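Since we're looking at a predicted model, the values are computed, not measured. Residue numbers start from 1 in every chain, and the chains themselves are labelled A, B, ... in the order their sequence lines are given, proteins ahead of strands.
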Amino acid sequence: MAVSVPELPEVETVRMGLEPVLEGKRFTSVETRRAGLRVPFPKDFAKRLTGHKVTRLTRRAKYLLAELDSGETLVIHLGMSGRISVHAKGAPGELGNYLHNAGHSDGHGKHDHVLFETDAPARIIFTDHRRFGLMVLIDTATLTDDKLFKGLGPEPLSGDFDAKYLSAALKGKKTPIKSALLDQRVVSGLGNIYVCEALFRASISPKRSASKVSAAQMAPLLREIKAVLKEAIKAGGSSLRDYAKADGELGNFQHHFLVYDREGEPCPHKCGGTIKRIVQAGRSTFYCPVCQK
DNA sequence: CCATTAACCTGACAGC
DNA sequence: TGCTGTCAGGTTAATG
């Protein structure tokens with residue numbers, strides 16, 4: 001299966017993998033290989049990072065947040081194809097079991113756009129062949145007011161994302177439930193793949209109008225969204241431990257999905273249906289027309 | 001205000 | 001072999 005696009009669980013996996021080489025560590029050098037990604041790098045980007053310590057590494061939606069002791073936060077979005085790999089600066093293996101050595105990359109690959117070195121001592125390479133990613137620096141004090149974060153819906157794994165909230169958020173929305181769940185203002189962090197998977201698991205048709213998701217369907221929908229994300233995060237954690245033993249990179253996710261990219265295959269619910277692919281709002285949707293109502 | 005669509009970008013792949 | 005065209009999807013600006 002192809003390497004998938006980073007959604008919430010993948011970003012969380014990257015966060016978990018980066019934590020040991022970033023949290024409490026100081027940037028000793030930062031190098032950019034181009035003017036920017038989806039947006040230009042901030043003014044004096046390297047200068048504003050170098051010498052500063054990462055006090056916390058967190059995640060909001062699909063954004064990684066590296067809080068610095070300078071009062072700024074480094075915000076990283078992986079876009080569609082962003083990958084992060086961690087390498088030893090010296091001899092292989094000297095970093096211990098938190099090293100995820102991508103092996104094949106020396107940081108001079110065609111799409112290696114940003115190199116961070118820390119006093120871990122580790123070299124962190126940001127690779128993004130399609131450059132839909134983003135890196136900005138934002139004042140930590142006003143981070144939540146920033147336009148990137150201001151309109152974001154609740155974290156799907158938080159207690160705020162419950163039946164009461166979701167019913168209200170979907171009320172009056174004529175757009176299909178599939179599109180509504182991709183809207184980061186409704187809930188943040190879901191992408192095309194996990195929305196397809198959650199709707200399948202909850203047996204809800206992606207074509208159903210958002211406002212017409214019944215009260216009875218709300219609980220399964222919430223449960224399956226949370227479950228599929230948790231399972232993917234768990235799988236990501238396992239893969240991190242595997243990568244510590246073998247070559248790999250943070251973000252090289254190869255999950256197994258029930259319906260995504262399975263057009264023409266029999267429905268895994270064994271309802272006799274066949275997985276169909278349709279396009280909604282310009283995105284592929286995979287679902288079972290028989291058991292998703 | 002709301003909903004839909006195109007644009008950004010490059011690698012992979014199908015078809016000729 | 002190599003060309004051309006299409007597709008993938010997170011986010012956002014533009015359009016209806």
Side-chain angles (χ1 to χ4, degrees), chain A residues 1-15 32-41 59-65 75-84 104-105 109-114 126-136 138 146-153 155-156 168-199 206-213 229 232 249 251-255 257 259-264 275-287:
Chain A
M1 179 182 284
V3 173
S4 54
V5 169
E7 300 183 28
L8 186 154
E10 290 73 25
V11 178
E12 181 59 24
T13 301
V14 171
R15 193 200 65 77
T32 53
R33 294 277 168 70
R34 55 165 42 248
L37 302 167
R38 198 175 83 219
V39 300
F41 292 119
R59 178 193 55 75
R60 173 77 173 105
K62 299 168 193 168
Y63 295 91
L64 282 171
L65 308 173
V75 178
I76 300 177
H77 195 290
L78 299 175
M80 311 261 294
S81 57
R83 302 287 182 260
I84 291 176
H104 62 277
S105 180
K110 192 175 168 188
H111 303 295
D112 294 337
H113 303 311
V114 188
F126 179 88
T127 309
D128 184 5
H129 78 262
R130 290 171 72 181
R131 303 203 303 273
F132 282 5
L134 166 150
M135 281 190 207
V136 292
I138 298 176
D146 189 273
K147 64 179 163 113
L148 284 180
F149 302 100
K150 197 162 182 143
L152 286 179
E155 285 287 319
L170 298 181
K171 195 171 183 179
K173 278 200 186 295
K174 278 189 270 185
T175 197
I177 184 64
K178 159 75 186 319
S179 304
L181 292 174
L182 277 178
D183 186 339
Q184 303 296 297
R185 295 169 300 183
V186 172
V187 57
S188 61
L190 296 179
N192 201 41
I193 295 172
Y194 290 105
V195 169
C196 289
E197 294 293 304
L199 286 172
K207 296 197 284 191
R208 176 174 283 265
S209 169
S211 60
K212 298 235 165 101
V213 173
L229 294 176
E249 66 185 39
N252 186 16
F253 312 97
Q254 300 188 11
H255 297 319
F257 300 112
V259 288
Y260 185 80
D261 209 18
R262 293 188 177 278
E263 183 181 17
I275 303 306
K276 195 174 168 190
R277 173 187 176 273
I278 59 173
V279 175
Q280 295 179 291
R283 296 286 177 258
S284 286
T285 299
F286 297 89
Y287 76 112

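If you measure from atom CG of A:L37 to atom C1' of C:dT11, you get 14 Å, rounded to the nearest angstrom. The CZ atom of A:F149 sits 13 Å away from the C1' atom of C:dT11 (whole-angstrom rounding). Between the P atom of C:dT11 and the CZ atom of A:R131 lies a distance of 19 Å, rounded to the nearest Å. In this structure, the CZ atom of A:F257 is 16 Å from the P atom of C:dA8, given to the nearest Å. Put simply, CZ on A:R83 is 12 Å from P on C:dG10, counting in whole angstrom units. One interatomic measurement links the two molecules: NZ of A:K147 to P of C:dG10, which rounds to 20 Å at whole-angstrom precision. Rounded to whole Å, atom C1' of C:dG10 lies 12 Å from atom CD1 of A:I193. We find that CZ of A:F132 is positioned 16 Å from P of C:dC7, with the value rounded to whole Å.
The residue A:G191 sits close only to the backbone: its heavy atoms come under 4.0 Å of sugar-phosphate atoms, none of a base. Note on A:S284: only backbone sugar-phosphate atoms sit closer than 4.0 angstrom, heavy atoms only; bases stay farther off.
Side-chain atoms of A:T13 come within 3.5 Å of backbone atoms of A:P9 as a donor-acceptor pair (strictly under, hydrogens ignored). In this structure a side-chain-to-backbone donor-acceptor pair under 3.5 Å is present from A:Q184 to A:G189.
Annotation: salt bridge (Lys or Arg N to Asp or Glu O under 4.0 Å) contacts involving residues 185-198 of chain A, sequence neighbours excluded, comprise A:D183-A:R185.
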Which pairs would a plain distance check flag for residues 173-182 of chain A, meaning a side-chain donor or acceptor within less than 3.5 Å of a matching protein atom at least two apart in sequence or in another chain?
unit_1, atom_1, unit_2, atom_2, d
A:K178, NZ, A:N192, OD1, 2.7
A:K178, NZ, A:S284, O, 3.3
A:K178, NZ, A:T285, OG1, 2.7

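Taking A:S211 as the reference, A:S209 meet the side chain to side chain contact (heavy atoms under 4.5 Å, CB included) condition, with sequence neighbours excluded. For A:E7, the salt bridge (charged side-chain N to carboxylate O under 4.0 Å, His left out) criterion is met by no residue, not counting sequence neighbours. For A:I138, the side chain to side chain contact (heavy atoms under 4.5 Å, CB included) partners are A:V75, A:V136, A:L143, A:D146, A:L148, A:F149, not counting sequence neighbours. Residues forming a side chain to side chain contact (heavy atoms under 4.5 Å, CB included) with A:H77 (at least two apart in sequence, or on another chain): A:K62, A:Y63, A:L134. For A:R38, the side-chain hydrogen bond (donor to acceptor under 3.5 Å, both in side chains) test picks out no residue, with sequence neighbours left out. A search for ring pair (Phe, Tyr, Trp, His ring centres under 6.0 Å) contacts involving A:Y287 returns nothing, not counting sequence neighbours. Partners of A:F126 by side chain to side chain contact (heavy atoms under 4.5 Å, CB included), not counting sequence neighbours, listed by chain and number: A:L37, A:I76, A:L78, A:I84, A:V114, A:D128, A:M135.
Distances shorter than 4.0 Å separate some side-chain N or O of A:H77 from OP1 or OP2 on C:dT11. Close to C:dT11, at under 4.0 Å from its OP1 or OP2, lies a side-chain N or O of A:K62.
Contact check of residues 172-187 of chain A against DNA chain C (heavy atom, cut-off under 4.0 Å) returns A:Q184.
Looking at A:L190 and A:L229, their side chains come closer than 4.5 Å, going by heavy atoms from C-beta outward.
Annotation: B:dC13 and C:dG10 have their C1' atoms spaced 22 Å apart (nearest Å). Remark: the separation of the P atoms in B:dC9 and C:dC3 is 23 Å, to the nearest Å.
You can see that DNA chain B meets the heavy atoms of chain A within a 4.0 Å-exclusive cut from B:dA3 to B:dG11, reading 5' to 3'.
Taking the nucleotide of DNA chain B with the nearest heavy atom to each of A:R38 and A:K110, the more 5' of the two is matched to A:R38.
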Item to complete: Under 3.5 Å for both distances, Watson-Crick or G-U wobble, that's the pair rule; now give the dot-bracket for DNA chain C, with | marking pairs to another strand and [ ] for crossing ones.
Response: .|||||||.|||||||

